[in-house]
Novice: 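The structure follows.
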Amino acid sequence: MFSTQYLNTYSCLSLAINSERPSRVVSVWIMAHAGQTHHNSATSPKTEGAVAHHGLEQLKDNEQAAEKPYSIYTRREKWLIVMIASLAALFSPLTANVYFPAIPTIASAFHTSIESINLSVTVYMVLQGISPMFWGTMADRIGRRPIFLACLLVLCLSCIGLALVPTSAYWLLMLLRCIQAAGSASTVALGAGVIGDIGTPAERGGFFGLFTLGPQVGPALGPIIGGVFADKLGWRSIFWFLCIMSAACFALMLIFLPETLRRLVGDGSVIPSPFYRPLVPIVGKGRVDRDAPKPLKATLNNPLRLFFYLDVLNLLVFNAVLYAVFYAVNTTISTIFATKYPSLNEIDIGLCFLAIGGGMIIGTVLSGRMLDADFQRTKTRLVKKAEEDPEKRIRPEDVTREENFPIERARLRMVPIFTAIFVLTCAGYGWSLQQETNIAVPLILQVIFGYTVTTIMNGVQTLLIDLLPSQSSSITACNNLVRCSLGALMVSVIDLIVNAIGPGWTYVLLAGMCLACSPMIWLAIWIGPRCRAKRRARNTAA
């Protein structure tokens, strides 16, 4: 039968294990224990020492688990990894947009119509939506690094083929554009997977803001780069340029990018096979653990199942509608500006893309900081509420646990405001073109439009990763599939609508469509916690 002394021992150790400052509690217990030992020499010192040793070992293990970071990489190293991933993600929009200025020249070279060459744009967008479903799922299974390298290799080889394609083989041009899309389009999904691997929810907003800088630069600079190369060096030089750039990015990743998939390397401390290691390991050096247990093997999940999660599907549709409207604005800049402002030449029209691109870049930089600030603001409010709760139903340190933290409210807090600005800007942009106002008016509205759409989409995409961080590449691939499909549909009809009712009413119609979808923001906040709870229960039962 245990003595009162042993009961006090276990009580103190239990308090220490569950305390915020366990070391202080242990110190008090050791002093008290020493006093009890001095006054009770009849008690067996061996038994007493064993109890103390067992309790302290348990406490030490608990402290190490509590202090273990989400990732072994420092914040500066994480930023470096995200920057490398962002550079790779640049190729997804760049390969699409750099092609546009050369379409008339390519049509002439292949002795075919512009409509036939435009078909290569359509098939590119189709593959851009479909291919990440394959590559993203493979990246969640076998690793980020090998799939990154495979995508860039496919892109590089397809660009060589496009640069050398004979002008008598139109079918080969179409095929190589499909392969090019399959290689370039998936880099966005892969980069999102890396962010889910190394970033905590408190960090993901800022990381995603930096990461999307690469994809946002592509639409702004692509048409300008393509126009210059096509005009000065010929249309084939565009693909040689892409080949050189993708080969350089491949070499950069081969040398420096570590594997981040948590089912392979855990928090980064597990040493993977040589195939997964960078040639020059400059990040995480000296922090790997050769004795670290390897994570359990995960099954290959079907990404199509994600469409059956109501909260995920709701966000995917909302994001796709805004992306389709953005694509409608972006693809009609050339035709509408050429019609409404006939004094502009091709270079001037190309420079007009810098307005919307500049707004997107500003939105990319600021939205990441805003998302992190909103997360901390929500966390601070919940901690204060927990501390003031007399019943102490939730400990302050537990407010960021998935079952307690309203991640939907934190990520979407500012989205309604930006959606309202987006809707008003879209309608105003259309009417500024309809009335042929000073060109500064639609260009300024383009900046606001680009800023708001980027801020909204970054918030939604970050939330999607928060909901399923272990399938972050797959969920981003699903997002890409839905928005590219709706974007392709919008591109196919936008010229018909503009010609039928004019740009003013066209963009009022599109703004109304976005306004009609705005209740989906509050629906996401309302159903999100319930859907997450159901998934947790299902995973626990499994």
Novice: Within a strict 4.5 Å, meaning less than it, do heavy atoms of the Q180 and Q128 side chains meet?
Specialist: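 No, side chains not in contact.
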
Novice: Any side-chain heavy-atom pair from I421 and F449 closer than 4.5 angstrom?
Specialist: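 No, every pair of side-chain atoms sits at 4.5 Å or beyond.
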
Novice: Does a donor on one side chain sit under 3.5 Å from an acceptor on the other, for Y507 and T332?
Specialist: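 Yes, T332 and Y507 have a side-chain donor paired with an acceptor closer than 3.5 Å.
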
Novice: Given 3.5 Å as the limit, does a donor-acceptor pair link the side chain of S86 with the main chain of V82, or not?
Specialist: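 Side chain of S86 to backbone of V82: no pair is present.
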
Novice: Apply side chain to side chain contact (heavy atoms under 4.5 Å, CB included) to the pair V165 and F110, showing each step before the final yes or no.
Specialist: CA-CA 10 Å; V165 62; F110 278 80; 4.0 Å; yes

Novice: Do you see a donor-acceptor pair shorter than 3.5 Å between the side chains of Y73 and T260?
Specialist: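 Short answer, no.
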
Novice: At what distance, to the nearest 0.5 angstrom, does CD1 of I475 lie from CG of L464?
Specialist: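 With rounding to 0.5 Å, CD1 (I475) is 5.0 Å from CG (L464).
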
Novice: Would you indicate whether R409, at its atom CZ, is surrounded by more than 12 heavy atoms from other residues, nucleotides or ligands within a distance under 6.0 Å?
Specialist: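 No, CZ of R409 has 12 or fewer neighbouring heavy atoms, counting only those of other groups under 6.0 Å.
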
Novice: Counting heavy atoms not belonging to R75, are there more than 12 under 6.0 Å from its CZ?
Specialist: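 Counting neighbours around CZ of R75, more than 12 heavy atoms of other residues, nucleotides or ligands fall under 6.0 Å, so yes.
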
Novice: Could you tell me if the side chain of R381 sits less than 4.5 Å from the side chain of K384, heavy atoms only?
Specialist: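 They are not in contact (no side-chain heavy atoms under 4.5 Å apart), so the answer is no.
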
Novice: Taking the six-membered ring for Trp, is the centroid-to-centroid distance between F418 and F422 below 6.0 Å?
Specialist: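 They do not qualify: ring centres at least 6.0 Å apart.
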
Novice: Would you say the side chains of T419 and S518 form a donor-acceptor pair under 3.5 Å?
Specialist: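 Checked: T419/S518 side chains show no N/O donor-acceptor pair below 3.5 Å.
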
Novice: Measure from the side-chain N and O atoms of W135 to the backbone N and O of A182, and report whether any donor-acceptor pair falls under 3.5 Å.
Specialist: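 Confirmed, W135 side chain pairs with A182 backbone.
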
Novice: Are a donor atom and an acceptor atom from the side chains of S184 and Y124 found within less than 3.5 Å of each other?
Specialist: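 Yes, Y124 and S184 have a side-chain donor paired with an acceptor closer than 3.5 Å.
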
Novice: For D495, is there any backbone N or O sitting under 3.5 Å from a side-chain donor or acceptor partner on N499?
Specialist: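 Yes; at least one donor-acceptor contact below 3.5 Å.
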
Novice: Could you check L467 against R535 for side chain to side chain contact (heavy atoms under 4.5 Å, CB included), going step by step and ending with a plain yes or no?
Specialist: CA-CA 10 Å; L467 296 179; R535 283 197 291 273; 4.2 Å; yes

Novice: Hey, does the side chain of Q461 reach the backbone of N458 with a donor-acceptor pair shorter than 3.5 angstrom?
Specialist: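 No; zero donor-acceptor contacts below 3.5 Å.
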
Novice: Looking at every non-hydrogen atom in both residues, tell me the closest pair between A89 and P93 and how far apart they are.
Specialist: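 Nearest pair, atom of A89 first, then P93: O-CD, 3.3 Å.
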
Novice: Hey, what do you get for OG1 (T462) to CG (D374), rounding to the nearest 0.5 Å?
Specialist: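 Going from OG1 on T462 over to CG on D374, the span is 11.0 Å.
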
Novice: How many angstroms lie between atom CG of L523 and atom CG of N314, to the nearest 0.5 angstrom?
Specialist: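 Between atom CG of L523 and atom CG of N314 there are 4.5 Å.
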
Novice: Where do V498 and T506 come nearest, in terms of heavy atoms and distance?
Specialist: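 Minimum heavy-atom separation between V498 and T506: CA-OG1, 3.5 Å.
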
Novice: Short question: side chain of K78, backbone of G199 - any donor-acceptor pair under 3.5 Å?
Specialist: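 Side chain of K78 to backbone of G199: no pair is present.
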
Novice: Could you go through the ring-ring contact (aromatic ring centres under 6.0 Å, His included) check for W79 and F207 one step at a time?
Specialist: CA-CA 7 Å; W79 282 113; F207 289 155; 4.8 Å; yes

Novice: For atom CH2 of W522, is the number of surrounding heavy atoms from other residues, nucleotides or ligands below 6.0 Å larger than 12?
Specialist: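 Check passes, neighbour count above 12.
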
Novice: Of all heavy-atom pairs between Y341 and T437, which one has the smallest distance, and what is that distance?
Specialist: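 For Y341 and T437, the tightest heavy-atom pair comes out as OH-O, 2.7 Å.
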
Novice: According to the interplanar angle, ranging from 0 to 90°, do the rings of W235 and F239 count as parallel (below 30°), tilted (30 to 60°) or perpendicular (above 60°)?
Specialist: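 Answer is perpendicular, since the angle exceeds 60°.
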
Novice: Is there a donor-acceptor pair under 3.5 Å between the side chain of R236 and the backbone N or O of A163?
Specialist: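 Yes; judged by distance alone, with no hydrogens or angles, the pair exists.
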
Novice: Considering only heavy atoms from C-beta outward, does the side chain of P278 approach that of F256 to under 4.5 Å?
Specialist: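 In short, these two side chains do not touch, never coming nearer than 4.5 Å.
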
Novice: Can you tell me how far the SG atom of C514 sits from the CD1 atom of I456, to the nearest 0.5 Å?
Specialist: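 So the gap between those two atoms works out to 8.0 Å.
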
Novice: Any heavy-atom pair between the side chains of L155 and L242 that's under 4.5 Å?
Specialist: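 In short, these two side chains do not touch, never coming nearer than 4.5 Å.
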
Novice: Compare all side-chain heavy atoms of P503 with those of K340 and state whether any distance is below 4.5 angstrom.
Specialist: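 Yes. Closest side-chain heavy atoms under 4.5 Å.
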
Novice: Using 0.5 Å steps for rounding, measure from the CZ atom of F337 to the CG atom of L351.
Specialist: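 That separation rounds to 12.0 Å.
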
Novice: Do C531 and Y309 come within less than 4.5 Å of each other through their side chains, counting heavy atoms only?
Specialist: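 Sidechains of Y309 and C531: no contact.
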
Novice: What heavy-atom pair brings T476 and A189 nearest, and what distance separates the two atoms?
Specialist: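 Smallest heavy-atom distance, with atoms named: CG2-CA, 3.6 Å.
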
Novice: Give the ring-plane orientation class for F375 versus F405, where under 30° counts as parallel, over 60° as perpendicular and anything between as tilted.
Specialist: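 Ring orientation of F375 relative to F405: tilted.
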
Novice: Would a 4.5 Å heavy-atom cut-off, applied to side chains only, mark M253 and L87 as touching?
Specialist: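 Side chain of M253 against side chain of L87, heavy atoms only: no contact under 4.5 Å found.
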
Novice: Supply the atom-to-atom distance F91 CZ to S186 OG, rounded to the nearest 0.5 angstrom.
Specialist: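 One gets 14.0 Å once the value is rounded to the nearest 0.5 Å.
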
Novice: Run the numbers on I439 and L344 for side chain to side chain contact (heavy atoms under 4.5 Å, CB included), then give the verdict.
Specialist: CA-CA 10 Å; I439 193 172; L344 299 178; 3.7 Å; yes

Novice: Taking Q434 for the side chain and W505 for the main chain, is one N or O donor matched with an acceptor at less than 3.5 Å?
Specialist: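 Such a contact is absent between Q434 side chain and W505 backbone.
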
Novice: Verify, without hydrogens or angle tests, whether D466 (side chain) and I407 (backbone) share a donor-acceptor contact under 3.5 angstrom.
Specialist: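 Looks like no, no N/O pair under 3.5 Å.
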
Novice: List the atom of A181, the atom of S131, and the distance in Å for their closest heavy-atom pair.
Specialist: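 Answer, listing the atom of A181 first, then S131: O-OG, 3.8 Å.
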
Novice: Take I282 and L80 through the test side chain to side chain contact (heavy atoms under 4.5 Å, CB included) and record every step on the way to the result.
Specialist: CA-CA 10 Å; I282 61 173; L80 177 61; 3.8 Å; yes

Novice: Do R262 side-chain atoms and D197 backbone N/O form a donor-acceptor pair below 3.5 Å?
Specialist: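 The answer is yes, because a donor-acceptor pair under 3.5 Å joins these two groups.
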
Novice: Show the atom names and distances, to 0.1 Å, of all donor-acceptor pairs under 3.5 Å that link a side chain in residues 352-360 to residues at least two apart or in another chain.
Specialist:
none

Novice: Less than 4.0 angstrom from a charged side-chain N to a carboxylate O is my criterion; do D372 and R377 meet it?
Specialist: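 Answer for the salt bridge query: no.
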
Novice: Is there a donor-acceptor contact under 3.5 Å from the side chain of D140 to the main chain of S474?
Specialist: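 Looks like yes, one N/O pair under 3.5 Å.
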
Novice: At their closest point, which heavy atom of N319 faces which heavy atom of M457, and how far apart are they?
Specialist: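 For N319 and M457, the tightest heavy-atom pair comes out as OD1-CG, 3.2 Å.
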
